[in-house]
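All remarks here apply to the structure that follows.
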Amino acid sequence: MLDKRYDHLQVEKDKYQNWKEKGYFTSGDISKKPFSIVIPPPNVTGKLHIGHTWDTTIQDIIVRYKKMQGYDVLWLPGMDHAGIATQAKVMEKLRNMGKDVTKITREEFLQWAWSWKDEYASHIHEQWAQMGLALDYTKERFTLDEGLNYAVRTVFVTLYNKGLIYQGERIINWDPVQMTALSNVEVIHQEDKGYMYYFKYPIVGSDEYLTVATTRPETMFGDVCVVVNPKDKRYTKYHGMKVINPANGDELPIICDEYVDIEFGTGAMKCTPAHDPNDFIIGQKYGLEMPIIFNKDATMNEKCGQYKGMDRFVCREALIENIKKDGNFVKQEEIVHPVGHSERSNAVVEPMLSKQWFIKMRPLADQALANQKKKGDKVSFVPDRFEKVFIQWMEKAEDWCISRQLWWGHRIPAYYNKHTGEVKVLMDPPQDMENWEQESDVLDTWFSSALWPFSTMGWPNKTPELERYFPTDVLVTGYDIIFFWVSRMIFQSLEMNGVRPFKEVVIHGLVRDELGRKMSKTLGNGVDPIKVIADYGADALRYFLTTNSTPGQDMRYIDEKVQAASNYLNKIWNSARYVLSILGDDYKESELSSDKMSALDKWIINRLNTTIKNVTMNMDKYDFNAASNHLYNFVYDDFCSQYLEMSKVALNSDNEESKNATKAVLLKCLKNIILLIYPYTPFIAEELYCSLPTHLESIMLETYPKYDKKLFDDSKDYQVELLFNLIKDVRNYKIENKLAPNASLDLSLLLKEEMFEGFLAYLKRFSFSDVKLLNKDQHVEGESHIYNEAELYIASGVDKAELLAKLDKDIEALNNEIKRCENMLNNPNFTSKAPEAKVALEREKLAKHQENLQVLLEKRKKIA
RNA sequence: GGAGACUUAGUUCAGCGGGAGAACGCUUCCUUCACACGGAAGAGGUCGUAGGUUCGAUCCCUACAGUGUCCACCA
């Protein structure tokens with residue numbers, strides 16, 4: 001027997017462990033069709049946040065749904081080593097322990113990092129368990145494990161040999177806090193306040209000067225020339241002359257290049273090839289020197305004279321002061337301009353010339369773009385507008401800087417000859433390793449993540465897993481990592497395997513706080529899923545997360561809505577409790593047979609069928625909000641409010657046959673509700689399922705409900721709806737007239753056709769009144785309610801004037817409706833252009849309205 | 001500078017070429033034997049503004065306004 005109140009703590013206890021131990025999460029039944037998903041591996045940097053919960057719940061719903069539909073589902077779990085982020089956290093921990101991190105060795109650090117990984121991996125496992133995720137742990141991987149390292153090396157060597165990976169000196173984004181290079185996507189551009197400074201660059205051998213503008217005066221130590229547009233007439237006379245750099249007195253040539261915009265600033269641009277990507281291009285074009293002026297921590301280096309060792313921003317201020325003293329300062333303007341910050345450290349990123357490893361993107365991007373044009377092979381985005389985001393990024397993808405000056409990651413398999421400097425890229429260290437030194441840099445974390453869908457399945461070996469589950473069926477992730485991850489998986493898979501990594505990508509948004517703000521550590525507005533689970537249960541949280549937004553759209557976390565989800569589950573719980581109590585302990589399940597079912601039974605079964613159809617259709621579209629809404633309406637309106645209440649009549653009758661039919665229908669509805677809600681809320685579904693009179697060992701072994709045409713007979717459904725309307729109007733009458741809900745009224749009913757068996761009994765029971773049947777044309781005093789198939793009169797002490805007033809109101813409303821219909825039908829454009837069915841429907845409506853109007857008019861005549 | 005998203009009830013959000021929906025909140029009534037974390041009934045919206053397409057627009061198109069998002073090297 002179920003408890004009176006749904007208690008999530010009791011319901012969610014021990015179930016996960018049991019599922020796991022029984023092997024329900026394990027894939028590999030080759031008698032079934034395969035279906036596969038790889039989890040987006042969470043970083044081992046911390047605990048999971050509510051965004052992870054959303055992401056993984058969507059996957060879990062898909063997984064459980066597909067399992068029920070008879071697929072052999074592989075949901076592959078795993079985690080990401082998250083290079084920069086984890087290294088930063090581990091370093092911080094070591095500093096907090098009082099260690100001198102500058103003295104620590106690579107090997108020592110890696111030991112600490114691995115133990116950090118173990119600790120956080122166990123937190124993540126615990127959270128997955130609490131959320132109830134049906135992950136196949138026998139296939140779990142880590143982005144830094146040996147097998148994945150083998151895959152990473154294979155890809156690196158292959159791309160290198162194809163010329164798609166190269167080492168080059170280029171301008172990269174330098175994070176001076178983490179002291180590593182970053183890729184473009186790891187740089188966040190934000191609008192910062194700053195100044196545009198204008199300085200005089202005196203012309204050598206002249207009293208004149210050029211005014212040059214810059215936002216980063218400290219880079220002036222790296223200036224090698226001043227560039228003007230050859231067409232700029234203001235500067236023609238200076239062509240071939242030199243200017244003096246006001247920062248250090250160096251003489252700089254004036255160079256002409258079309259790149260300079262005559263309209264922008266002063267039209268004279270300082271050129272710092274080592275610290276600006278555009279200047280770098282000009283530097284290359286004219287073979288200019290490229291002096292680097294920063295140390296790795298963005299302090300000024302020895303090229304900066306008296307400023308050596310200063311922080312770049314301190315230097316900036318000091319330099320400006322000195323230029324002012326020299327009289328070369330013109331002005332400064334406050335501006336707001338985009339400034340690049342490191343995604344991880346938030347430090348202002350310094351563009352810096354540096355030797356790094358790159359992936360040549362153009363050929364790979366073109367391949368990915370070409371594949372999107374192939375109908376059967378493309379990756380389908382859900383919702384499809386996100387394909388555009390992907391395509392646009394691919395169209396202008398620049399080379400990807402993949403080397404990082406870190407320890408925590410896949411070490412680049414390149415070897416430098418200690419004597420000759422020769423570079424070799426190899427799967428394994430050279431035989432004479434004593435003469436070689438391995439590249440100390442590691443790869444960008446996303447390099448290994450990009451291989452995740454196939455590296456986790458044993459690639460490059462032709463494993464059975466790869467054969468069976470790759471390409472995967474669907475990937476679920478947030479729109480914020482389309483660039484970081486989705487696009488890179490796509491081009492890597494196409495290059496390495498010749499096929500897409502997944503057929504579909506389901507994109508969701510961000511969870512925001514109650515006020516619509518992004519959740520962040522600095523705001524402290526994050527929501528801890530573990531706390532929500534403790535308060536309301538994993539089921540309520542899962543239901544809330546997956547049913548409160550449209551695909552691809554952000555959502556707000558609102559506590560009351562989780563509570564509402566919990567109330568819904570309590571509703572299902574109690575309806576189950578009731579149904580089970582009706583069935584009794586020794587109930588034997590029997591087949592539903594259409595001929596023993598009442599009109600009411602058939603009605604609810606039809607509603608159930610329709611619900612199954614709608615839910616399934618929307619589940620297949622990954623529209624979990626729409627799917628759950630259909631079920632919700634069925635549970636509340638059709639099943640609980642109508643059928644459960646109505647069924648009490650049959651259950652209290654002496655008719656054993658109809659009693660049994662009702663019980664069977666109740667059970668069928670309940671069981672289907674449990675099965676339909678199960679992917680969303682597996683814990684409560686399992687609990688209720690196992691309380692059914694007959695059940696398998698677990699709901700995880702059940703099959704998903706199917707639309708059942710056999711029981712479909714809706715011929716009397718409209719009469720059932722009429723009954724509901726009659727009851728509703730009677731209730732309404734009582735409330736309007738301040739009568740008790742169970743007050744007995746004097747009701748008269750004229751039926752225009754024969755109603756289903758028991759119709760009157762239901763009406764009597766739910767109106768708490770006796771119902772007199774009228775013959776045609778028989779007149780009764782009272783308030784009239786006209787329906788298409790019936791007329792209801794409620795005798796009352798209300799006076800004539802009031803009755804007439806009400807009647808007039810009804811007549812007026814009906815007249816308006818008739819007018820609306822007539823206007824439409826009299827419009828030849830409507831009748832000729834609108835679909836036939838639409839026109840017929842309007843005609844039908846008009847006829848009914850007119851008929852009903854006649855009744856009301858006659859009624860009025862008799863009263864008046 | 002580009003791209004796309006959003007604007008619907010007090011609030012958070014669905015929806016849709018043919019009489020506006022849910023949840024929460026609010027009002028009235030009801031402890032009736034599944035559930036007061038409940039039930040019954042109800043109030044509440046010129047669907048951002050202006051044009052256009054259409055027999056018909058909240059829905060499609062255009063412009064505008066507002067809100068937030070992503071991308072982008074202009075000194």
Side-chain angles (χ1 to χ4, degrees), chain A residues 2 4-6 171 184-185 189 196-197 212-216 219 226-227 259-261 263-272 276-281 337-338 340 351 383 385-386 388-389 392-393 396 398 479-480 482-483 509-510 512 514 516-518 547-550 552-556 558-561 563-582 623 625-626 629 632-633 636 640-641 644-645 648 727-728 731-736 738-742 768 816-817 820-821 823-824 827-835 838-839 841-842 845:
Chain A
L2 299 173
K4 185 168 177 186
R5 162 74 179 142
Y6 155 59
I171 298 279
N184 294 345
V185 288
H189 294 273
M196 181 74 86
Y197 303 94
V212 175
T214 180
T215 52
R216 297 190 295 152
T219 63
V226 169
V227 191
Y259 169 76
V260 176
D261 183 352
E263 304 292 319
F264 190 89
T266 63
M269 182 187 89
K270 76 191 223 18
C271 178
T272 322
D276 183 281
N278 295 311
D279 296 6
F280 175 71
I281 293 167
H337 61 146
R385 67 186 142 90
F386 288 105
K388 210 170 168 183
V389 177
Q392 283 179 350
W393 190 73
K396 50 184 173 186
E398 289 179 30
Y479 59 66
D480 50 330
I482 293 176
F483 306 125
L510 261 42
R512 296 169 172 279
E514 205 145 332
R517 300 173 304 182
K518 243 183 181 167
T547 63
N548 274 286
S549 72
T550 348
Q553 220 60 8
D554 288 351
M555 74 178 310
R556 298 186 191 197
I558 295 174
D559 207 62
E560 288 78 25
K561 289 201 179 187
Q563 213 170 318
S566 172
N567 289 348
Y568 174 42
L569 298 181
N570 184 52
K571 184 78 179 173
I572 293 177
W573 178 272
N574 270 293
S575 63
R577 194 164 71 92
Y578 169 72
V579 171
L580 293 175
S581 76
I582 293 298
D623 191 344
N625 179 27
N629 268 338
Y632 184 93
N633 291 335
Y636 262 93
C640 291
S641 294
L644 273 192
E645 296 305 321
K648 289 171 184 171
I727 292 167
K728 187 173 174 176
R731 282 174 175 162
N732 221 336
Y733 177 91
K734 290 180 184 176
I735 283 175
E736 275 172 18
K738 299 207 186 315
L739 297 169
N742 60 355
F768 297 90
N816 285 338
E817 283 306 302
R820 198 188 61 81
C821 287
N823 282 344
M824 268 176 105
N827 182 344
N829 284 323
F830 174 72
T831 45
S832 63
K833 290 183 187 171
K838 201 85 221 167
V839 179
L841 194 69
E842 281 308 315
K845 274 195 216 167

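What you see below is based on every heavy atom in this structure, not just the backbone, and it leaves out hydrogens, waters and symmetry mates. In what follows, every chain begins at residue 1, and chains take the letters A, B, ... in the order their sequences are listed.
- Using a 4.0 Å cut-off, some side-chain N or O of A:Arg556 falls inside it from OP1 or OP2 of B:C13.
- Taking only side-chain nitrogens and oxygens, A:Thr550 never comes nearer than 4.0 Å to OP1 or OP2 of B:C13.
- For the pair A:Tyr578 OH and B:C33 C1', the interatomic distance rounds to 9 Å; values are reported in whole Å.
- Distance CD (A:Glu736) to C1' (B:A43): 13 Å, rounded to an integer number of Å.
- For the pair A:Ile727 CD1 and B:U32 P, the interatomic distance rounds to 20 Å; values are reported in whole Å.
- Rounded to whole Å, the separation between the C1' atoms of B:G39 and B:U32 comes to 9 Å.
- Counting only heavy atoms from C-beta on, A:Gln553 has its side chain closest to B:A5 among B:C71, B:A5, B:A34.
- When the P atom of B:G18 is taken as reference, atom CD of A:Glu842 falls 12 Å away, rounded to whole Å.
- The same atom, P, is picked in B:U28 and in B:G21; the two are 25 Å apart, to the nearest Å.
- Across the interface with RNA chain B, nearest-nucleotide mapping of A:Glu398 and A:Lys648 shows A:Lys648 to be the residue nearer the 5′ end.
- Between B:A40 and A:Arg731, no contact under 4.0 Å exists linking OP1 or OP2 to a side-chain N or O.
- Taking atom C1' on both nucleotides, B:U69 is separated from B:C29 by 47 Å, rounded to a whole Å.
- Mapping A:Asn633 and A:Ser641 onto RNA chain B by nearest heavy atom places A:Asn633 at the nucleotide closer to the 5' end.
- Heavy atoms of A:Arg820 sit under 4.0 angstrom from at least one base atom.
- Within 4.0 Å (heavy atoms only), A:Val260 reaches at least one base atom of the nucleic acid.
- In this structure, A:Met196 and A:Ala213 approach most closely via the heavy-atom pair SD-CB, 3.9 Å.
- When the C1' atom is used for both B:U27 and B:A63, the distance is 43 Å, rounded to whole Å.
- A:Cys640 comes within 4.0 angstrom of a base, heavy atoms only.
- Residue A:Pro828 is classed as having no contact, given no heavy-atom separation below 4.0 Å to the nucleic acid.
- By the neighbour-count criterion of 12 heavy atoms within 6.0 Å, atom CD of A:Glu736 is densely surrounded, having more than that number from other residues, nucleotides or ligands.
- Within 4.0 Å (heavy atoms only), A:Ile171 reaches no atom of the nucleic acid at all.
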For this session: Carefully, step by step, assess A:Asn633 and A:Asn629 under the rule side-chain hydrogen bond (donor to acceptor under 3.5 Å, both in side chains).
Result: CA-CA 6 Å; A:Asn633 291 335; A:Asn629 268 338; 5.7 Å; no
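- If you check every strand for non-hydrogen atoms under 4.0 Å, A:Arg517 touches nothing.
- Residue A:Lys738 is out of contact with every strand shown, counting any heavy-atom pair closer than 4.0 Å.
- Checking B:A57 for Watson-Crick or G-U wobble geometry (two distances, each under 3.5 Å) identifies no partner in any strand.
- Note on A:Lys388: every side-chain N or O is 4.0 Å or more away from OP1 and OP2 of B:C71.
- Pair assignment for B:U67: B:A5, on the basis of Watson-Crick or G-U wobble contacts that are both within less than 3.5 Å.
- For B:A72, there is no paired nucleotide, since no Watson-Crick or G-U wobble pair has both relevant distances below 3.5 Å.
- Across B:C70, B:C74, B:C73, the shortest atom-to-atom separation from the side chain of A:Pro338 is found for B:C74.
- Residues A:Val579 and A:Leu644 are in side-chain contact: their nearest non-hydrogen atoms beyond the backbone lie under 4.5 Å apart.
- B:G10 and B:C16: their P atoms are spaced 23 Å apart (whole Å).
- Among the protein residues, A:Ala834 comes within range of the nucleic acid bases, having at least one heavy atom under 4.0 Å from a base atom.
- Considering only the side chain of A:Asn574, B:A34 comes nearest among B:C55, B:A34, B:A3.
- Atom OH in A:Tyr568 sits about 13 Å away from atom P in B:G39, given to the nearest Å.
- The base-pairing partner of B:C35, taking Watson-Crick or G-U wobble contacts with both distances under 3.5 Å, does not exist among the strands shown.
- Nucleotide B:U11 is matched to B:A23 when pairs are restricted to Watson-Crick or G-U wobble geometry with both distances under 3.5 angstrom.
- Rounded to whole angstrom, the span from the CG atom of A:Asn625 across to the P atom of B:A22 amounts to 14 Å.
- Nucleic acid contact class of A:Asp261 (heavy atoms, under 4.0 Å, all strands): base.
- Between A:Tyr479 and A:Phe386, the ring-plane angle classifies as parallel under the 30° and 60° cut-offs.
- Side-chain atoms of A:Thr214 lie closest to B:A75 of the nucleotides B:C71, B:A75, B:G18.
- Between A:Asn732 and B:G42 there is a side-chain polar atom (N or O) within less than 4.0 angstrom of OP1 or OP2.
- Nucleotides B:G17 and B:U54 place their C1' atoms 9 Å apart, quoted to the nearest Å.
- Side chain of A:Glu560, nearest nucleotide from B:U54, B:G18, B:C24: B:C24.
- Using a 4.0 Å heavy-atom distance criterion, A:Phe768 is classed as making no nucleic acid contact.
- Side-chain contact annotation: A:Asn827 with A:Asn823, donor-acceptor N/O pair under 3.5 Å absent.
- For A:Ile735, the listed nucleotide lying nearest its side chain is B:A40; candidates were B:C73, B:A40, B:C55.
- A side-chain donor-acceptor contact under 3.5 Å links A:Lys734 to the backbone of A:Pro741.
- At B:C73, one or more side-chain N or O atoms of A:His189 fall inside 4.0 Å of OP1 or OP2 (strictly under the cut-off).
- Rounded to whole angstrom, the span from the CZ atom of A:Arg512 across to the P atom of B:U11 amounts to 19 Å.
- We find that A:Glu514 and A:Lys561 are not joined by a salt bridge, their nearest charged nitrogen and carboxylate oxygen being 4.0 Å or further apart.
- Contact annotation for A:Tyr632: backbone-only contact, meaning every heavy-atom pair under 4.0 Å involves sugar-phosphate atoms and none involves a base.
- Side-chain nitrogen and oxygen atoms of A:Lys561 include none within less than 4.0 Å of the OP1 or OP2 phosphate oxygen of B:G25.
- Taking the ring axis of A:Tyr197 as reference, the NZ or CZ atom of A:Lys270 does not stay both within 45° of it and closer than 6.0 Å to the ring centre.
- Using C1' as the reference atom, B:C26 and B:G44 are 9 Å apart when rounded to the nearest Å.
- No side-chain donor from either of A:Asp279 and A:Tyr259 sits under 3.5 Å from a side-chain acceptor of the other.
- Phosphate proximity of B:C30 to A:Asn742: absent, as no side-chain N or O sits under 4.0 Å from OP1 or OP2.
- Side chain of A:Asn827, nearest nucleotide from B:G42, B:G39, B:C55: B:C55.
- For the pair A:Ile558 CD1 and B:C24 C1', the computed distance is 9 Å after rounding to whole Å.
- Taking the P atom of each, B:C61 and B:G18 are spaced 16 Å apart, rounded to whole Å.
- Heavy atoms of A:Lys845 sit under 4.0 angstrom from at least one base atom.
- Here A:Phe386 lies out of heavy-atom contact (under 4.0 Å) with every strand.
- Residue A:Lys396 is classed as a sugar-phosphate contact, given heavy-atom separations below 4.0 Å to backbone atoms only.
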